Visitor: 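Structure incoming, see below.
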Amino acid sequence: MTLAQQDASAASSTHRDDTPQQASSTLPVINPATEEQIGTIPANTTTDVAAAVERAREGGREWASYSWRRRCDLLLDLGRRLADVADDLALTDTIDSGNPISGMRHDAARAGEELRYFSGLGGEAKGDTIPWTASQFGVTMREPYGVVGRITAYNHPLLYAVGKSAAPLVAGNAVILKPSEHTSLSTIRFVDLAAGLLPEGVLSVVTGTGAEAGNALVEHPGVPRIAFTGGVPTGRAVLRAAAEHIKHVSLELGGKNPMVVFPDVDLPAAAAAAVSGMNLRRSTGQSCQSTSRMLVHTSIAQEFTDRLVTLVDALRIGDPQGDDVEVGPLSFNEHYQRVLDYVEVGKSEGATLVTGGKRPVGLDRGYYLTPAVFTDVDPRMRIAQEEIFGPIISVLTWTDVDQMVELANGVEYGLTANVWTRSLTSAFQATQRLDAGMVWVNGEATRPAGVPFGGFKHSGIGQEGSLGELLGYTREKSVIINLV
Ligand code: NDP
């Protein structure tokens with residue numbers, strides 16, 4: 001048995017007997033670096049999900065009765081358990097998702113940070129006092145919803161399992177996680193870490209397909225709050241299903257993010273940012289905030305593109321378990337084929353493929369693709385409009401700021417944007433005009449805990465990673481008090 005096989009079977013066999021993980025049918029777990037099956041996950045059904053909801057409701061009542069301080073102390077303990085096995089869980093994510101091990105170690109550390117950040121905010125889920133008359137006043141109080149369904153995308157499995165549980169748990173809710181069927185292992189293992197620490201049912205996982213397990217969570221009347229991370233089409237389906245029950249839904253959806261490069265920049269720094277902004281090293285470009293549309297001033301476009309291509313070509317592609325590997329395979333075959341199709345779409349639309357878009361030499365198995373750069377991209381092309389969610393960069397050019405803004409905003413998405421310039425005025429004027437929920441000025445990819453993250457337009461509803469997220473897992477109740 002290989003390390004990968006041991007890892008997968010350990011992950012899928014450690015759930016407690018009374019969790020809904022005991023589904024009778026299973027789904028295969030494929031290592032995208034080798035295309036081999038390394039284990040299975042339970043294919044939970046609507047009945048399994050209903051059982052998880054029952055347990056969550058019961059556990060959630062106890063959890064909500066704790067003081068916020070006690071809840072946060074327990075979550076900090078959970079963070080310590082997580083830290084003890086962080087390297088192991090990072091390896092699980094690498095084997096399961098194909099993301100480079102260095103990126104997954106970063107994710108594991110960041111996951112712990114999210115738990116600590118929200119645990120430090122526990123006392124902030126509080127209400128207000130509203131003056132009225134000498135004998136009358138209003139107060140508001142914040143209550144948990146009860147059960148929160150947390151449906152997550154496949155690209156940062158552990159980070160999402162931990163980071164996206166933290167705020168709803170701190171607020172006093174029970175959380176049922178539904179990871180992607182393609183990368184469920186680390187979520188299962190994270191939930192196992194909570195055994196004996198949090199009340200039974202407070203943190204659980206349902207696995208299986210989105211169409212069955214995910215949809216069952218959205219449709220269950222006992223889950224009043226749904227938080228979804230994924231693509232726009234699925235987000236729409238979730239909203240429609242939730243509408244039947246008038247649920248509170250927040251959505252973190254896709255992006256087709258512009259990186260705007262003014263002619264006055266430090267070109268080497270901007271080109272390097274374009275590569276790291278793609279998140280190739282953390283998730284092979286499978287990132288909602290990937291800087292997949294370079295909007296470069298015409299006067300520097302050639303030199304910028306040359307530098308970009310040199311940097312992209314120098315990336316080390318290979319077995320994602322290797323410490324020095326920078327780009328791994330895409331996470332699953334269906335998506336790999338989709339991204340390969342986009343390479344053909346770009347070529348057939350008339351864009352120039354300057355580099356990449358091929359299976360790397362010497363890597364005959366696994367869902368590998370050399371990162372691609374397209375130039376001569378017309379903004380109406382599909383590669384300029386649609387989220388590819390992979391290692392494909394399009395370079396577009398502009399000559400005046402109005403044209404640049406039109407290009408930047410001319411897509412259905414509005415998640416992130418990056419503006420590179422030495423001029424504070426240019427940076428601020430551009431930032432004010434960009435339809436994006438998050439803008440980096442002379443930066444990319446990383447953001448400190450506490451900075452809200454969320455999309456405009458079709459990129460989502462709501463923000464995460466901040467106090468607002470914590471409050472978003474509470475219902476505000478108003479009380480009028482009359483002194484008699
Ligand atoms: P999908 O939309 O395909 O899936 C997201 C999650 O929804 C998965 O767990 C999936 O399960 C589940 N799901 C699928 N169908 C349903 C349904 N009918 N009801 C309920 N749940 C369902 O996204 P991907 O996993 O492919 O992730 C990529 C997308 O996520 C990109 O668009 C990316 O931009 C976006 N994303 C956004 C982020 C943000 O913060 N804004 C962060 C990360 C990613 P299963 O996989 O088992 O089918």
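Counting starts at 1 for both ligands and their atoms, in listed order. Given the structure is predicted, the values throughout are model-derived calculations rather than measurements.
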Visitor: Distance under 4.0 Å to a non-hydrogen atom of G231: what atoms of ligand 1 satisfy this?
Guide: 1 (P), 2 (O), 23 (O), 29 (C), 30 (O), 32 (O)
Visitor: Where does Q289 meet ligand 1, judged by heavy-atom distances below 4.0 Å: at the side chain, the backbone, both, or neither?
Guide: neither
Visitor: Any idea how Y154 and F332 line up, ring-wise: parallel (<30°), tilted (30 to 60°), or perpendicular (>60°)?
Guide: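 Ring orientation, 0 to 90° scale: perpendicular.
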Visitor: Taking V223's backbone N and O only, do any of them form a donor-acceptor pair with K247's side chain (distance below 3.5 Å, no angle check)?
Guide: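 Side chain of K247 to backbone of V223, a donor-acceptor pair under 3.5 Å: yes, one is there.
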Visitor: Report yes if S459 has an N/O atom closer than 3.5 Å to an N/O atom of ligand 1; otherwise report no.
Guide: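 No, no N or O pair falls under 3.5 Å.
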Visitor: Which atoms of ligand 1 sit under 4.0 Å from any heavy atom of L415?
Guide: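 Under 4.0 Å from L415, ligand 1 has these atoms: 41 (N).
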Visitor: What protein heavy atom is closest to atom 41 (N) of ligand 1, reported as residue, atom name and distance in Å?
Guide: L253 O, 2.7 Å
Visitor: May I ask you to identify the nearest protein heavy atom to atom 1 (P) of ligand 1, giving residue, atom name and distance to one decimal place in Å?
Guide: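 Answer, as residue, atom name and distance: T234 OG1, 3.6 Å.
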Visitor: Counting from 1, what ligand 1 atoms have a heavy atom of F453 closer than 4.0 Å?
Guide: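 Counting atoms of ligand 1 from 1, those under 4.0 Å from F453 are 40 (O).
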Visitor: Return yes or no for this condition: an N or O of Y160 is under 3.5 Å from an N or O of ligand 1.
Guide: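 Looking only at distances, the answer is no, because the N/O contact criterion of under 3.5 Å is not met.
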Visitor: Nearest to atom 38 (C) of ligand 1, what protein heavy atom do you find, and at what distance?
Guide: C288 SG, 3.1 Å
Visitor: Is there a side-chain contact between L75 and L78, using heavy atoms and a 4.5 Å cut-off?
Guide: yes
Visitor: Could you tell me, atom by atom, which parts of ligand 1 come under 4.0 Å of a heavy atom of K178?
Guide: 9 (O), 11 (O), 45 (P), 47 (O)
Visitor: Which option wins on minimum heavy-atom distance to atom 35 (C) of ligand 1: G149, P233, A242, G230?
Guide: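 Shortest heavy-atom distance from atom 35 (C) of ligand 1: G230.
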Visitor: Nearest to atom 20 (C) of ligand 1, what protein heavy atom do you find, and at what distance?
Guide: G214 C, 3.3 Å
Visitor: Between Q286 (side chain) and S331 (backbone), is there a donor-acceptor pair under 3.5 Å?
Guide: yes
Visitor: What protein heavy atom sits nearest atom 7 (O) of ligand 1, and how far off is it?
Guide: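 Ranked first by proximity to atom 7 (O) of ligand 1 is F228 CE1, 3.2 Å.
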Visitor: Could you list which atoms of ligand 1 come closer than 4.0 Å to a heavy atom of E387?
Guide: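 Result: 31 (C), 32 (O), 33 (C), 34 (O).
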Visitor: List every atom of ligand 1 that sits less than 4.0 Å from any heavy atom of P179, numbering the atoms from 1 in the order shown and giving each element.
Guide: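 Ligand 1 atoms under the 4.0 Å threshold to P179: 9 (O).
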Visitor: Could you tell me the residue and atom name of the protein heavy atom closest to atom 18 (N) of ligand 1, and the distance to it rounded to 0.1 Å?
Guide: G210 O, 4.0 Å
Visitor: Is there a polar contact between ligand 1 and E181, counting only N or O atoms under 3.5 Å apart?
Guide: yes
Visitor: Any donor and acceptor pair, going by atom type alone, linking the side chain of T370 with main-chain N or O of G357 inside 3.5 Å?
Guide: yes
Visitor: Give the residue and atom name of whichever protein heavy atom lies nearest to atom 27 (O) of ligand 1, and the separation in Å to one decimal.
Guide: A153 CB, 3.3 Å
Visitor: Say whether S287, considering both its backbone and side-chain N or O atoms, lies within less than 3.5 Å of an N or O atom on ligand 1.
Guide: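 N/O-N/O distance under 3.5 Å: no.
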Visitor: For F374 and Y342, I'd like to know if the aromatic rings sit close, meaning centre-to-centre distance below 6.0 Å.
Guide: no
Visitor: Suppose I only count heavy atoms of G208 and a 4.0 Å limit; which atoms of ligand 1 are within that range?
Guide: 47 (O)
Visitor: Test Y160 against every option in T187, T183, N155 by the side chain to side chain donor-acceptor pair (under 3.5 Å) rule and name the one that passes.
Guide: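 The residue from T187, T183, N155 that satisfies side chain to side chain donor-acceptor pair (under 3.5 Å) with Y160 turns out to be N155.
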Visitor: Evaluate the salt bridge (Lys or Arg N to Asp or Glu O under 4.0 Å) criterion for residues R281 and E326: first the C-alpha distance (whole Å), next the side-chain angles of each, then the deciding distance (0.1 Å), finally the verdict.
Guide: CA-CA 5 Å; R281 296 184 184 94; E326 295 175 288; 2.9 Å; yes
Visitor: Can you list the ligand 1 atoms lying under 4.0 Å from a non-hydrogen atom of I151?
Guide: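 Atoms satisfying the 4.0 Å criterion: 6 (C), 7 (O), 9 (O), 12 (C), 20 (C), 21 (N).
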Visitor: Do E212 side-chain atoms and T209 backbone N/O form a donor-acceptor pair below 3.5 Å?
Guide: no
Visitor: Can you tell me if W440 uses its side chain to pair, donor with acceptor, with the backbone of T446 under 3.5 Å?
Guide: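 Confirmed, W440 side chain pairs with T446 backbone.
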Visitor: I'd like to know if the side chain of K164 and the backbone of L177 have a donor-acceptor N/O pair within less than 3.5 Å.
Guide: no
Visitor: Can any side-chain N or O of Y145 pair as donor or acceptor with the backbone N or O of Y473 at less than 3.5 Å?
Guide: no
Visitor: Measure the distance from atom 5 (C) of ligand 1 to every protein heavy atom, then report the residue, atom name and distance (to 0.1 Å) of the closest one.
Guide: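 Closest protein heavy atom to atom 5 (C) of ligand 1: T229 O, 3.5 Å.
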Visitor: Tell me if a side-chain donor or acceptor on E219 pairs with a main-chain N or O of N215 at a distance below 3.5 Å.
Guide: no
